[in-house]
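Some notes on the structure that comes next.
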Amino acid sequence: MTTTTSRLPPKRSPQLRIAVVFPVLAVVLAVLFAAELSLGTVRIPLGEIANVLLGGEPSQEIWRVIVLELRLPRAITACLAGTALALGGLTLQTLFRNPLAGPWALGITAGAQLGVAMVAVAGAVAGSAGLAVALARLGAIADLSLATGAFAGATAMLMGVVALSRRVNAVTLLIAGLMFGFLAQGLVAVLLHFTTENQVEVFENWSDGSFGGVTPDKLMVLAPAVLLGLLLIGASIKPLNALLLGERYARSLGVRIRRARNTALVAVVCLAGSVTAYCGPILFLDLAVPHLCRGLCRTTDHRILVPAVALVGSIVALTADLIVHLPWRQHFLHLNAVNALIGAPVVLWVLLRRRSANA
Amino acid sequence: MHRPSLLTASDLTIGYSGRPPHIIARGLDLKMRRGELVCLIGPNGVGKSTLMRTLSGMQQPLNGTVRLNDRDLDAMEPAQLARALAVVLTDRVEIELMRARALVEMGRLPYTGWSGTLDAEDHRVVDEAMSTANVVHLAERELSQLSDGERQRVMIARALAQQPSLLVLDEVTAFLDLPGRIEVMNLLVDLAHRDKRTLLLSTHDLDLALRHADRLWLLAPGGTLRTGPPEALALSGAFDEVFGERGPKFDRRSGTFAVDRVAGPRVAVDGDGLEAVWVGRALARLGYDCTTEEPRAATIVIGDHDGSRYRLEHRTGDRDVQSLTELIEVLETLDPATERH
């Protein structure tokens, strides 16, 4: 008897659930954002942070630099990256009707990484000044060329995945995506093999994934790219909902399939490409966050999922970054290690639940 | 009664472009009137789905035009077409967490703005569609909790929510179990005859087509299409032409398809009513030819014979039995093959 009752759906109305979930998420995000500004090797009181943000004079001048030049860009980057990657995951999961899709899972992040490596190395060779110099010189122009490399790499990988997705099933596509990813990383390593030790070090830092390296001037490229992606996703909400039914039904509901697909894919390239260019590869977020949101809101409606995924993506990214940057005695913990701890169990849960549903 | 044409196709060639193009049928002239139930039938692989896709604007014809409400399908905006024509397919729709009502609400997408938000009128149409399809009680159930038949009825409600002038249903009962098939069919027949909607239905269910269709479109291998009222097509022998040698033989007397068997020994049934019908079916199943013609191997008399329900008159002697079960057991002991004259 208990088994039958536990299988019944919760009686709570979905609208009520959503009315509760959003304010709670907003509060959690605000708290984490404040903590990100306040906590670290140097602890800054919240009052002083407010003071700095409002343009006042903090009691220690260094706090202004820490908040405005280090922690605020970092917090904003974490939110942008979390939002962008998680929305990329949601979009690809719907487009491919594949619960395991995402920019990282399908190798699109790795494609962007390879693109960046090629641009950086090409720049270094052309200027015969070495990668370190090329990366150090990164003004707005170099930033744009890095972003272009990331977009090109992400686009190329995405096109490969789209072509493959028509022929293979969900799990094969995921494994192929992961293999593409390793392949791209292998190529990156080969590229680095022919550069100097100095460059390797710079590149390895980038390959670890971090929200810390994004300076305010880099944010000037990252933020508009993510915003453009967000606008395109916003415009895709209705077709994405229709595509839940599959392409044939979506077409019969008046959706222009080719246009809708291309818009959503360009959005994914903007979102995942730009984030990867500046933060390096960020793992698991894209895959896990959409599932967390579906579970939280108990809906498949993109009108609700898109804002929920943006909020939860920011929350997870900020949480992971906070965990990494708490004043530990040693700094061995990487962002992606924390992401894996959060994300891998979610992926396992999705896989196991699917298997039991099929059985 | 004046029934204007809703869907017309003239000199239509369907198939797939290429070099050379793969042509499935050419020179088709089709007409559907408002309020009609048209069933498209034909053997597997003959191109029914291609014709359905072409007529619903999902696939371009190689030649000719399809007009709906006097407008060329090709010239219609996708959303405009979606407001005039709705489809239900065999595709199994399985979306985790989605509730039945949310699925029906999808039918309003062609009427909504960029975000797909429904207004009061949209909700009213959704309510109406759900009550027409008799799925109101399923509204808050998740799709994964529905039976296949219930899910297909929800899909039909979604199509109704599009307020189409034409509903196109492609093999919608194909993967359903028997109860599911019956519940979906009852709904379709209601939509056609009770609500006077215009339905184009491709189906394998010849019985449904013969009983309920206003017109049949019979697509034969080679791409010839015969159209007409089911009775006229049945009488003309078109079924055997279309389904050919390999298919079941169409019995023009009973209006059903039967497995073609060599006529067995003749047995007469003396009696009428339901009992005669079911005794006749038992005989047919066991390989006997149920007839009154002479000579015959046996006669079964239904009625009271000294308290017995059935009497089997046979050359080995008469037997009285109490029930149909017992009669069948006796018949099973006689081998039809040795009863031949």
Side-chain angles (χ1 to χ4, degrees), chain A residues 4 7-15 17 93-94 97-99 231-260 263 290-291 293-307 350 353-354 356-358, chain B residues 49 52-53 56-59 76-118 139-145 151 154-155 158-159 161-162 164 166-170:
Chain A
T4 48
R7 284 180 63 87
L8 287 174
K11 284 287 170 223
R12 213 178 319 156
S13 98
Q15 285 82 7
R17 177 184 268 271
Q93 285 168 15
T94 301
R97 301 180 85 196
N98 181 341
L231 282 177
L232 293 175
I233 295 286
S236 301
I237 284 178
K238 181 168 151 177
L240 284 175
N241 273 337
L243 279 165
L244 286 173
L245 298 180
E247 274 190 23
R248 297 214 288 161
Y249 273 126
R251 187 193 303 265
S252 84
L253 286 167
V255 172
R256 293 172 194 269
I257 299 293
R258 192 183 294 256
R259 184 197 283 182
T263 307
H291 290 289
C293 292
R294 288 189 195 101
L296 266 178
C297 303
R298 298 207 65 78
T299 184
T300 47
D301 187 344
H302 290 76
R303 280 174 294 161
I304 293 156
L305 282 181
V306 166
V350 171
R353 205 178 40 156
R354 269 169 73 80
S356 64
N358 289 343
Chain B
S49 290
M52 294 293 273
R53 276 200 299 273
S56 55
M58 289 181 156
Q59 184 174 336
M76 289 168 88
E77 292 283 307
Q80 197 179 15
L81 180 59
R83 290 192 286 263
L85 184 152
V87 300
V88 182
L89 310 162
T90 23
D91 300 19
R92 197 180 151 87
V93 170
E94 187 111 49
I95 308 160
E96 261 186 287
L97 294 172
M98 186 183 272
R99 288 163 201 267
R101 186 176 171 96
L103 183 58
V104 179
E105 286 176 359
M106 294 265 203
R108 297 308 291 168
L109 288 185
Y111 294 87
T112 57
W114 67 275
S115 72
T117 306
L118 275 62
E140 292 307 314
R141 294 259 289 278
E142 286 180 17
L143 297 185
S144 56
Q145 298 169 318
R151 193 177 304 126
V154 171
M155 288 308 288
R158 178 206 55 86
Q162 282 175 250
L166 173 64
L167 262 172
V168 176
L169 304 113
D170 192 8

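Computed from a prediction, not measured in an experiment: that's the story for all the values here.
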By a 4.5 Å heavy-atom criterion (distance strictly below it), what part of [X] contacts chain A: side chain, backbone, both, or neither?
X: B/Ser144; value: neither
X: B/Met76; value: neither
X: B/Arg158; value: side chain
X: B/Val168; value: neither
X: B/Arg53; value: side chain
X: B/Leu81; value: neither

**Item:** Check: A/Ser252 and B/Met58 side chains under 4.5 Å, non-hydrogen atoms
**Value:**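 Result yes, sub-4.5 Å side-chain heavy-atom pair found.
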**Prompt:** Tell me, do B/Leu103 and A/Leu244 make a side-chain contact under 4.5 Å, heavy atoms counted?
**Reply:** no
Kindly compute the distance separating [atom1] ([X]) from [atom2] ([Y]), expressed to the nearest 0.5 Å.
X: B/Glu105; Y: A/Asn241; atom1: CD; atom2: CG; result: 10.5 Å
X: A/Leu253; Y: B/Met106; atom1: CG; atom2: CE; result: 8.0 Å
X: A/Arg303; Y: B/Thr117; atom1: CZ; atom2: OG1; result: 4.5 Å
X: B/Asp91; Y: A/Glu247; atom1: CG; atom2: CD; result: 11.0 Å
X: B/Glu142; Y: A/Arg298; atom1: CD; atom2: CZ; result: 5.0 Å
X: B/Ile95; Y: A/Thr94; atom1: CD1; atom2: OG1; result: 9.5 Å

**Request:** Look at B/Gln80, B/Gln162, B/Glu94 and state which one has the largest set of heavy-atom pairs under 4.5 Å with chain A.
**Result:** B/Gln162
**Request:** Sort out for me which of B/Val93, B/Val87, B/Leu89 touches chain A most, counting heavy-atom pairs under 4.5 Å.
**Result:** B/Leu89
**Prompt:** Hey, is A/Arg256 close enough to B/Glu77 for a salt bridge, meaning N to O under 4.0 Å?
**Reply:** yes
**Message:** Below 4.5 Å, heavy-atom pairs only: which of A/His302, A/Arg248, A/Arg251 has the largest tally toward chain B?
**Reply:** A/Arg248
**Item:** Closest non-hydrogen atom pair, B/Ala82 against A/Gly254
**Value:** CB-N, 3.6 Å
